[in-house]
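Take a look at the structure set out below.
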Amino acid sequence: KGQALLVAEPYLRLAQLEVKQGKPESAIESLKKVDVLMADSKAVPANVHAKSLEVLGQLYLDKDDTANAISAYDKLLNT
């Protein structure tokens with residue numbers, strides 16, 4: 001929990017690389033870790049958390065998972 005500030009951005013970058021490699025499911029898992037870090041510690045930089053939620057929402061949209069996309073975008077709008 002004390003490391004959220006240090007590991008959140010690398011998880012976001014990892015997710016972006018996984019998207020480029022055609023591994024959207026892996027990217028989703030990486031992005032969900034950023035959200036959990038924020039929920040647990042509140043220490044994730046706001047811009048990193050916001051970007052991770054934006055990318056997460058888009059990945060869910062890309063796979064026609066509207067409910068999870070709405071959830072991700074709702075969190076984004078309310079953070």
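Just so you know, residue 1 is the first one in the sequence shown, and it goes up from there. The figures that follow rest on heavy atoms only: side chains count, while hydrogens, waters and symmetry mates do not.
Side-chain contact between Ile70 and Tyr60 is absent, with no heavy-atom pair separated by less than 4.5 Å.
Atom NZ of Lys51 and atom CD of Gln16 lie 6.5 Å apart (nearest 0.5 Å). Note that CG of Leu31 is 10.0 Å distant from NE2 of His49, once rounded to the nearest 0.5 Å. The distance from atom CD of Glu54 to atom CG of Leu12, rounded to the nearest 0.5 Å, is 10.0 Å. From Ser52, atom OG reaches atom CG of Leu76 across 8.5 Å, with rounding to the nearest 0.5 Å. Between Asn68 atom CG and Lys63 atom NZ the span is 7.5 Å, to the nearest 0.5 Å. Taking CZ from Arg13 and OG from Ser30, the interatomic distance works out to 14.0 Å, rounded to the nearest 0.5 Å.
A donor-acceptor pair is defined here as one N or O able to donate and one able to accept, closer than 3.5 Å; no such pair exists between the side chain of Ser41 and the backbone of Met38. In terms of modelled atom types and a separation under 3.5 Å, the side chain of Tyr11 and the main chain of Asp35 share no donor-acceptor contact. Within the 3.5 Å criterion, the main-chain N or O of Asp74 finds a donor-acceptor partner in the side chain of Asn78.
None of Val36, Leu37, Val44 except one satisfies the side-chain contact (heavy atoms from CB on, under 4.5 Å) rule with Asp40; the exception is Val36.
Look at Lys33 and Glu29 and you find no salt bridge, because none of the NZ, NE, NH1 or NH2 atoms lies under 4.0 Å from a carboxylate O.
Cluster annotation: Val48 is connected to Val7 through the hydrophobic network of ILVMFWY side chains, with a link wherever side-chain heavy atoms come within less than 4.5 Å.
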